[in-house]
Each structure stands twice: as C-alpha cells, then as structure tokens.
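Data block below; observations after.
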Protein chains: 2
Amino acid sequence: MPGAIAERVLAGDVRSAARLMRDLDDGRPEARAVLAELFPHTGRAYVVGLTGAPGSGKSSLADRLIAQLRAGGRAVGVVAVDPSSPYTGGAVLGDRIRMQAHALDAGVFIRSMATRGHLGGLSLAAADVVAVMDAMGKDVVLVETVGVGQDEIDVAALAHTVVVVAVPGLGDDVQATKAGLLEIADVFAVNKADREGADRAVHDLRQMQDLQRATGGRAGRGSDWEPPIVKTAAISGLGIADLAAAIERHRAHLEAAGLRRARDVGRARAHFLALLRERLLARALERLAAEQGGLEAVSGRVADRTLDPFSLADELAGRLGA
Amino acid sequence: MPGAIAERVLAGDVRSAARLMRDLDDGRPEARAVLAELFPHTGRAYVVGLTGAPGSGKSSLADRLIAQLRAGGRAVGVVAVDPSSPYTGGAVLGDRIRMQAHALDAGVFIRSMATRGHLGGLSLAAADVVAVMDAMGKDVVLVETVGVGQDEIDVAALAHTVVVVAVPGLGDDVQATKAGLLEIADVFAVNKADREGADRAVHDLRQMQDLQRATGGRAGRGSDWEPPIVKTAAISGLGIADLAAAIERHRAHLEAAGLRRARDVGRARAHFLALLRERLLARALERLAAEQGGLEAVSGRVADRTLDPFSLADELAGRLGA
C-alpha cells in the first residue's frame with residue numbers, strides 16, 4: 001500500500017513530486033522507497049524523446065510542442081536534460097525562460113536536470129524522473145537531451161518515440177553525427193526550416209535513409225516504419241502540428257504492429273540497467289571505504305603503480321557469486 | 001614478468017598493440033591479463049584531451065597538432081573517439097582520411113573507436129587504449145572526443161591537459177555548452193579563426209572566464225592557471241605552433257605547481273572507476289543469466305510490473321558485503 005508521499009504523487013501533487021525528484025537526485029534512500037511504491041502504478045505515460053545537436057533550436061521546438069500537446073488537452077511532463085556544467089550545475093537560460101512560460105499551467109510539469117553528479121549516470125536520473133511523472137498521471141512525458149554521445153542513446157532507450165532534430169547547414173561533422181542519430185530516430189524534425197538549405201537538409205536525410213535501406217540497414221527502430229521528415233520553425237510555429245501528428249502516427253504504428261510491448265521491455269531494460277549500475281557502484285565504493293581506505297587512497301596507489309586496479313576490480317565483482 | 005605479447009607491446013610493436021586493442025574491445029579475458037602485465041610500465045606518456053562540439057573542425061586540428069608534435073620528435077598516439085552510429089559502427093570519413101595521411105609514419109599510432117558496444121562505457125575503452133599506447137612508449141597520447149555529454153567529462157578525466165575547441169558563431173546553445181566546457185578546459189582553441197567572428201568568440205570566452213573568476217568559480221582545473229585562448233585555423237596552419245606551446249606551458253605549470261601528481265591520481269581514479277563499473281555489471285549480468293533467466297526475462301517482468309527492479313538491484317548489490 002502506497003505511503004502518504006506516494007499517495008500525493010499519485011494524486012498529481014506538484015509539490016510532493018518536485019520534492020521527491022530532489023530527494024532522488026540527492027540519493028536519499030527513503031525517496032528510493034517511495035519510487036518503488038510508485039512503480040506498480042507507472043507504465044501509462046507515453047514517452048517522447050527529443051534529441052539534437054547544440055544549435056538545433058531543440059529547446060524552442062520543445063516549447064512549441066508542449067503548447068501543441070496542451071492545446072490537445074494532454075497533461076505533459078518535461079525532463080530537460082541540461083547541458084550545463086558538471087561542476088557548477090548552472091542552469092541554462094533557455095530552460096529558465098521556458099519554465100516561466102508554462103509556469104502558470106498546472107498541466108505542465110518541467111524538471112530541468114544537470115548532467116553532473118549522477119552516480120548512476122544521466123539515464124538513471126532521467127528514468128527516475130520519467131517514472132515519477134508517469135505516476136503523477138502525465139499523459140505525455142517529453143525527454144529533451146542535447147548532444148551526440150552515449151547519453152543520448154541511453155536516454156533514447158527510455159522513449160517510445162524518438163524525435164531527432166536536425167538543422168540546415170551545420171557542416172560535415174553534423175552529417176557524421178546524423179549517421180548515428182538516423183538509427184535511433186522515429187521522426188525527424190528539420191528545424192529552422194525558414195532558413196536557406198532546409199530542402200537540402202530534408203533531401204540529405206532522405207538520401208541517407210535510402211542508402212541505409214539499400215544496404216540492408218533499418219530505417220528507424222521498428223519494422224515497416226519509414227521515419228517521416230517534418231519541416232519545423234519553432235519561432236513561427238511552422239510544422240508544429242505536423243510534428244505532433246507524426247509522433248501520434250508513430251504511436252499508432254507501434255500499437256498496430258504489436259511493437260509497443262517491445263518498446264516497453266526496452267524501456268524497462270534501460271531503467272533496470274541504469275539502476276543496477278548505480279547500486280553496484282555505490283555498494284562497491286562503500287566496501288572500498290571500509291576495506292581499502294576509500295576511492296582516493298585506492299586511486300593514489302593505482303597512480304603509484306603499487307596497486308593493480310584489474311585485480312581489485314575482479315576481486316570486488318567476484319563477490320557477486322560464481 | 002611480462003609475457004611474449006606484453007614484451008612486444010613494450011618494444012613498441014604496432015601489430016601486437018593493434019591486436020591487443022581489438023581483443024580488449026572484444027572483451028577477451030587474455031587481453032585483460034596482458035593489460036594488467038603492461039600496467040606497471042605505464043605512466044610515462046603525457047595525455048592531451050581534445051574535445052569540442054560537432055562542426056568545430058576538431059579532427060583537422062588534431063591532424064595539424066600531430067604533425068607539429070612529430071616535427072618536434074615526439075612519438076604520438078591518437079585515440080579518436082568516433083561519433084558514428086552505436087548500432088552500425090560505421091567509421092567517419094574524416095578519421096579514415098587522417099589515418100591515411102599519417103599511415104607511413106611509424107611514430108604515429110592512431111586508434112579510432114566507436115562509441116558503441118562498450119559495456120563499461122566509452123571511458124573504459126579509451127582508458128585501456130591510452131594505457132596500451134603509454135606502454136608502447138608514446139610520448140604524447142592525444143584523446144579526441146566529440147560532443148558535450150558525460151562521455152566528454154569522463155574522457156577529459158583521462159587527460160593531463162584538456163584542450164577545448166570552440167568555433168566562431170555556432171549560436172546560443174553552444175554558448176551554454178561552453179559554460180560546461182569552461183570548467184574542464186586547460187587551453188582553449190578558437191578554431192576556424194580565419195572566419196568572421198573569431199575575435200568575438202575570443203572576447204566571449206574571456207568574458208566568461210572573468211565572470212567565473214568574479215563569482216568565485218575556478219578558471220581551469222588548476223590553481224593560478226588562466227587557460228590561454230589560442231586562435232587556430234587548421235586549414236592554413238595558423239596558430240598550431242602556439243597551441244602546441246600552450247599545451248607545453250600547461251604541462252610545465254602542472255610540474256612546477258606540484259599538480260602533476262593530482263592529475264595522475266585523477267586519471268587513475270577515472271580508469272579504476274570505469275573498470276570497476278564494467279566488471280561489476282558484467283558479473284551481475286552473469287548472475288542474472290544463471291538465476292533469473294537473463295536480462296531480457298527480467299526486463300519483460302519489469303515491463304509487466306510483476307518484478308520490482310529496485311529490490312532486485314538492491315539484492316544483487318547487497319552481495320558485495322555490508
């Protein structure tokens with residue numbers, strides 16, 4: 001039976017949810033216990049990932065998409081993964097502005113998170129927040145990430161539908177990046193489409209899709225789904241309704257093709273793996289503190305080459321059983 | 001006593017080193033054993049991280065820097081972290097071209113790595129390769145990464161000197177990104193400095209440094225070190241000698257200020273943590289396979305909400321001891 005805090009979160013209470021998220025971020029064990037209580041009540045929200053390189057105008061696009069979803073009567077949660085400093089944890093101005101724009105709308109809950117300080121990695125922190133929003137009764141949870149690294153791949157694994165935001169004319173490296181993003185995209189948004197080169201960008205993406213199909217690769221993560229390419233301009237609002245419709249079509253496709261279950265299992269796998277990584281490392285560091293003088297002492301001895309890090313890691317992991 | 005393979009790597013044999021790196025990537029236990037043999041012989045190479053957003057021309061800059069270091073008689077190892085697909089593992093054209101340019105120079109060893117498929121994360125794979133190049137006798141190992149996420153922070157922790165590559169006029173998101181990169185930079189390169197806006201970019205960076213100092217933040221990771229800002233243009237070769245000199249000055253600063261040891265401990269910590277994460281997760285997955293039908297079965301039960309992932313993760317981690 002859920003406790004008092006869990007009950008309040010399940011009832012959609014914003015203050016309780018916000019406090020729970022903070023406590024989860026701080027690694028409080030009692031917050032973990034609340035999340036475990038909430039867990040059986042999750043699995044109803046539809047999770048949309050929104051990812052793209054810096055400079056793609058992804059945040060403004062998210063803002064428009066939120067407004068569009070709200071106009072359709074959906075309760076929306078947003079997890080904005082913040083590219084700010086891993087050390088200072090400063091918030092990004094754009095996020096702040098966006099938060100203010102929706103601050104008076106009780107149907108939108110926005111949680112900005114820094115990439116810093118998550119022992120279990122960003123994907124665990126994001127997965128936990130998605131679970132809380134799901135438990136709160138949000139219909140759609142938008143997970144917004146920046147960058148091109150493993151973090152994006154991990155966070156994409158939390159989503160039912162992944163929107164990759166491209167932008168005209170960002171140069172060669174971005175093309176290379178797209179090759180990676182092509183694989184995780186269910187929908188493409190070519191943003192800043194009022195700029196020169198938008199048609200070219202659409203053309204390039206289409207060519208990459210054709211190439212991938214011709215060489216036997218999959219276009220998109222589901223069978224028989226050709227990721228649509230939607231031109232958007234967050235400033236003018238161009239294409240936002242089309243983008244929302246494309247996400248909805250992908251959702252319908254997953255259901256119709258019997259693929260929704262596979263995505264849900266994939267999402268569960270991503271969350272469990274992140275959780276397991278965090279627990280294992282946290283406990284191993286406790287053991288190091290008790291037995292080896294802690295991580296700093298161990299690191300010093302490794303730096304001096306007086307301790308073999310391979311043997312120590314093997315010994316610790318070996319305790320899990322044979 | 002090092003075995004035959006380790007002896008060959010220590011003698012600088014390229015074929016043995018390349019095979020060892022492949023075997024490490026494939027997770028072969030015997031390769032791990034060779035690395036443990038090599039480990040006491042590492043710690044001599046100076047490790048330079050080179051990181052920047054897509055489109056910053058970082059790869060071309062690395063190419064120039066290699067040539068500069070070679071002209072100075074240094075043996076150079078390069079770990080190029082490849083932003084290509086986590087699924088297809090396709091190589092990036094730019095890397096291939098660069099590899100060819102230095103292919104006939106025995107003093108340069110380049111290892112391109114994809115971000116995919118590293119159970120222990122990219123930082124472990126990169127740390128292993130750095131250790132092998134160190135053991136080979138490379139004087140300088142250049143670790144090149146793309147992107148702005150946790151991966152970059154992790155990989156930066158492997159370096160003695162971190163060069164952050166900025167570029168004029170990439171828009172607002174990039175400014176936000178810089179706030180994060182500011183903290184890990186020991187040296188800034190404003191690349192494509194023949195473009196309009198280079199002076200502006202230098203000015204912006206300087207302002208951010210001033211702001212950070214004024215608000216009590218640290219400029220750079222070492223005390224009394226003001227990260228220099230070097231204008232470069234990889235195409236024309238502008239500023240490359242200055243960049244190499246700035247790296248050398250930072251190295252001298254670390255030595256003179258007694259900070260080299262702290263960096264070495266930090267590097268050891270990063271490698272050990274990555275190693276520990278990988279071993280713990282690998283062993284835990286073995287246990288799941290033996291006891292719970294494997295990760296897929298567990299994920300399915302989590303998706304159905306018939307298994308509590310929190311309790312299972314706790315139980316596994318708890319075996320490490322109390």
Side-chain angles (χ1 to χ4, degrees), chain A residues 32 35-36 39-40 43 53-55 83-88 90 92 115 121-122 146-151 153 170-171 173-174 176-177 179-180 183 217 264-265 268-269 271-272 275-277 279-281 283-284 287 295 298-300 302-303 305 308-310 313-314 316-321, chain B residues 32 35-36 39-40 43 53-55 83-88 90 92 115 121-122 146-151 153 170-171 173-174 176-177 179-180 183 217 264-265 268-269 271-272 275-277 279-281 283-284 287 295 298-300 302-303 305 308-310 313-314 316-321:
Chain A
R32 291 284 185 199
L35 193 59
F39 185 73
S84 67
S85 167
Y87 296 96
T88 60
V92 173
T115 56
L122 192 59
V146 70
V148 295
Q150 188 60 43
D151 280 346
I153 307 302
L170 265 190
D173 276 1
V174 176
T177 300
E183 302 272 345
D264 282 329
V265 172
R269 188 197 309 118
H271 195 170
F272 176 66
L275 190 60
L276 186 59
R277 280 196 176 94
R279 294 295 163 92
L280 290 169
L281 185 62
R283 183 58 69 106
R287 300 320 302 147
L295 180 61
V298 165
S299 303
V302 171
R305 273 48 182 184
D308 169 5
F310 304 95
D314 276 341
L316 275 164
R319 298 184 197 178
L320 292 170
Chain B
R32 290 284 185 199
L35 193 58
F39 185 73
S84 67
S85 167
Y87 296 97
T88 60
V92 173
T115 56
L122 192 58
V146 70
V148 294
Q150 188 59 42
D151 281 347
I153 307 302
L170 265 188
D173 277 1
V174 176
T177 299
E183 302 271 345
D264 281 329
V265 173
R269 188 197 309 116
H271 195 170
F272 175 66
L275 190 61
L276 187 59
R277 281 196 177 95
R279 294 295 162 92
L280 290 168
L281 185 62
R283 184 59 68 107
R287 300 319 303 149
L295 180 61
V298 166
S299 303
V302 171
R305 276 37 182 193
D308 169 5
F310 305 95
D314 276 341
L316 275 164
R319 297 184 197 178
L320 292 171

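We use all heavy atoms of the structure for the numbers below, so side chains are in, but hydrogens, waters and symmetry mates are not. Model, not experiment: these values are computed from the prediction. Proteins get letters first, then strands, A, B, ... in listed order; numbering begins at 1 in each.
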>> Does any backbone or side-chain atom of R269(B) lie under 4.5 Å from a heavy atom of chain A? Answer side chain, backbone, both or neither.
In response: both

>> Please classify the contact between L320(B) and chain A as side chain, backbone, both or neither, with a heavy-atom cut-off of under 4.5 Å.
In response: both

>> Does the Lys NZ or Arg CZ of R32(B) fall within the cation-pi geometry relative to F310(A) - under 6.0 Å from the ring centre and within 45° of the axis?
In response: no

>> Counting heavy-atom pairs under 4.5 Å with chain B, which one of A284(A), G300(A), S299(A) comes out on top?
In response: S299(A)

Write down the atom of [X], the atom of [Y], and the distance for their closest heavy-atom approach.
{"X": "A303(A)", "Y": "A268(B)", "value": "N-CB, 3.7 Å"}
{"X": "R279(B)", "Y": "A317(A)", "value": "O-CB, 3.5 Å"}
{"X": "P309(A)", "Y": "F39(B)", "value": "CD-CE2, 3.5 Å"}

> Non-hydrogen atoms of chain B under 4.5 Å away: do they reach the side chain of L280(A), the backbone, both or neither?
Replying inline: both

> In Å, rounded to the nearest 0.5 Å, how long is the span from CG of L35(A) to CG of D308(B)?
Replying inline: 9.5 Å

> Quick one: CZ on R319(B) to CZ on R319(A), what's the gap to the nearest 0.5 Å?
Replying inline: 14.5 Å

